[in-house]
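As structure tokens, the structure follows; a few thoughts come after it.
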Amino acid sequence: MKRLVLLALAASALIAAPADSAHSAQAEGQTLLGTALRDPGFPAEVQERLETDLEIARARMEIAPDREDSFIWLGRRLGYLGRYEEAVAVFSEGLEQFPESYKLRRFRGRHLARSRQFEASVADYRAALALMEGVPDSFEPDGIINSRAQPLGTYRSNLHYYLAQTSFATGDFEQMNAGMQAALDTPIMCYKDDLVVPVAYWRYIALMKLGRADEAAAVVDAVPADLELIENHAYYEGLKILQGALSPEDAGSGALQRFAHAMQLVFDGQDAEAETILVEIVESSPLGFWPAEIEVLRIRDRAAASGD
């Protein structure tokens, strides 16, 4: 009965999720700022590989339409190509056949967030974590293999992490902070260093939003300097910016580094300077960058409220 109630709640949240102020302003095919979403523009060889992987996933679906994995991989392959709404539709179709699948909810939640449907995304993550109660955790297979051919995250740790990250969009900074810590506290067999960095990055932002600056500084200062990273180098540079150990000028020009710089400006009360950077992040990415989009809207709301 408990599971049936949870599934009903999650389904109703997806069908008629209360629109938060950010998502209500978004039109299909646009960022929250109204700029057009564009083709990712992958190099030819990357595009060919991703398209081939998608065709393989389609063939797998034709051969085995009664398998949970067929829906998971077709949806994920669509997502790698930036086709988020199509991916959501595939995961939703899979959930009609596998209504208690925490895996399908995990991936649908991620693609709902990328489609700027944040409340529905949070509902999926919460339902998936409830469905995982009493279920042994396992590593989540990667669709794009890293340098060690080793998955880094488990289903439970990823659910906590993405629920926390998406809570930035809904303004639930307590959940954002607690969920990031829960992701790190999930037992993981190896390569935990790669999770330490983004968890500290987002916890810092959550704690600063909550007005707990001393705790925020302690979180980033506690990250050791001798981490062995496989993937999260851009996050690490962003973290160093938050620590004050790296100037934005000396960091890379990726979205994560620039977002860290912009958020520091926000926390320093320099909204106008922050907005310029955040808008540049969104406009320079074919698929936008929803955390930056959310923060721009907050800055504009503050300006409107103050009459600036």
Side-chain angles (χ1 to χ4, degrees), residues 2-35 37 75 78-79 82-96 99-133 155-156 158-180 182-183 202-203 205-206 209-210 259 278 282 287-302:
K2 176 183 176 183
R3 287 193 170 190
L4 290 175
V5 171
L6 286 166
L7 292 169
L9 287 172
S12 63
L14 178 58
I15 294 168
D20 57 50
S21 60
H23 183 243
S24 63
Q26 191 237 355
E28 185 176 353
Q30 295 183 350
T31 69
L32 297 176
L33 305 186
T35 57
L37 300 176
L78 286 164
R83 296 160 64 173
Y84 301 141
E85 287 79 10
E86 292 177 71
V88 168
V90 169
F91 297 131
S92 296
E93 183 181 353
L95 280 163
E96 293 177 8
E100 296 194 3
S101 171
Y102 64 85
K103 296 179 181 179
L104 283 166
R105 289 192 180 279
R106 177 268 186 264
F107 293 114
R108 187 173 69 174
R110 182 66 171 141
H111 289 76
L112 283 166
R114 287 168 165 164
S115 301
R116 284 70 169 172
Q117 300 179 63
F118 302 115
E119 296 284 357
S121 172
V122 165
D124 261 354
Y125 291 140
R126 290 189 183 279
L129 282 166
L131 288 167
M132 280 201 78
E133 288 183 13
Y155 280 100
R156 187 171 279 110
N158 281 340
L159 281 166
H160 281 301
Y161 178 87
Y162 287 117
L163 169 58
Q165 187 186 66
T166 308
S167 295
F168 176 77
T170 62
D172 188 349
F173 303 119
E174 291 284 3
Q175 172 60 55
M176 185 180 173
N177 179 49
M180 283 292 166
W202 291 111
R203 283 196 67 204
I205 291 172
K209 286 287 190 179
L210 292 166
F259 185 70
L278 293 166
V282 176
L287 297 173
F289 187 72
W290 66 255
E293 297 162 33
I294 289 287
E295 197 60 30
V296 168
L297 296 182
R298 288 177 177 149
I299 289 171
R300 292 176 180 175
D301 284 345
R302 287 196 293 271

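In this chain, numbering begins with 1 at the start of the sequence shown.
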Set of residues satisfying side chain to side chain donor-acceptor pair (under 3.5 Å) with respect to Y161, sequence neighbours excluded: W202, Y235

Nearest heavy atoms of Q175 and S167, plus distance in Å: CG-OG, 3.2 Å

Contacts of R302 that satisfy salt bridge (charged side-chain N to carboxylate O under 4.0 Å, His left out) - sequence neighbours left out: D271, E295

Min side-chain heavy-atom separation L287-Y84 under 4.5 Å: yes

Nearest-0.5 Å distance, CG of residue L129 to CG of residue D124: 11.0 Å

Heavy-atom check, side chain of F118 versus side chain of I294, under 4.5 Å: yes

Approximate separation, where rounding is to 0.5 Å, of K209 NZ and E174 CD: 14.0 Å

E93 CD to R108 CZ distance, which is reported to the nearest 0.5 Å: 12.0 Å

Listed partners of A164 passing side-chain contact (heavy atoms from CB on, under 4.5 Å), at least two apart: M180

Shortest non-hydrogen contact from A128 toward L159: CB-CD2, 3.6 Å

Cation over ring face, R298 and F168, 6.0 Å, 45°: yes

Ring pair (Phe, Tyr, Trp, His ring centres under 6.0 Å) partners for F107, two or more places apart: none

Reported CG-to-CZ distance for the pair L131 and R126, which is rounded to 0.5 angstrom: 14.0 Å

Value rounded to 0.5 Å, distance of OG1 in T170 from CE in M176: 9.5 Å

V90: partners by side-chain contact (heavy atoms from CB on, under 4.5 Å), with sequence neighbours left out: F71, L74, L78

Close side-chain approach of T35 to E293, heavy-atom, < 4.5 Å: no

Which residues share a salt bridge (charged side-chain N to carboxylate O under 4.0 Å, His left out) with K103, sequence neighbours left out: none

Where P99 and R105 come nearest, the two heavy atoms and their spacing: O-NH2, 3.9 Å

Test salt bridge (charged side-chain N to carboxylate O under 4.0 Å, His left out) applied to R106 - qualifying residues, sequence neighbours left out: E140

Contact summary for A292 and V282, nearest pair of heavy atoms: CB-CG2, 3.8 Å

Contacts of type side chain to side chain donor-acceptor pair (under 3.5 Å), residue R203, not counting sequence neighbours: N177, Q181

Heavy-atom closest pair, residues Y125 and T166: CE1-OG1, 3.5 Å

Residue pair R114 / V88, side-chain heavy-atom distance below 4.5 Å: no

Minimum-distance pair of heavy atoms, taken over all atoms of G75 and H111: O-NE2, 4.1 Å

E86: side chain to side chain donor-acceptor pair (under 3.5 Å) partners, not counting sequence neighbours: R83

Donor-acceptor contact present, side-chain S121 to main-chain Q117, <3.5 Å: no

F173: ring pair (Phe, Tyr, Trp, His ring centres under 6.0 Å) partners, not counting sequence neighbours: none

Note, I299 side chain near L278 side chain (heavy atom, < 4.5 Å): yes

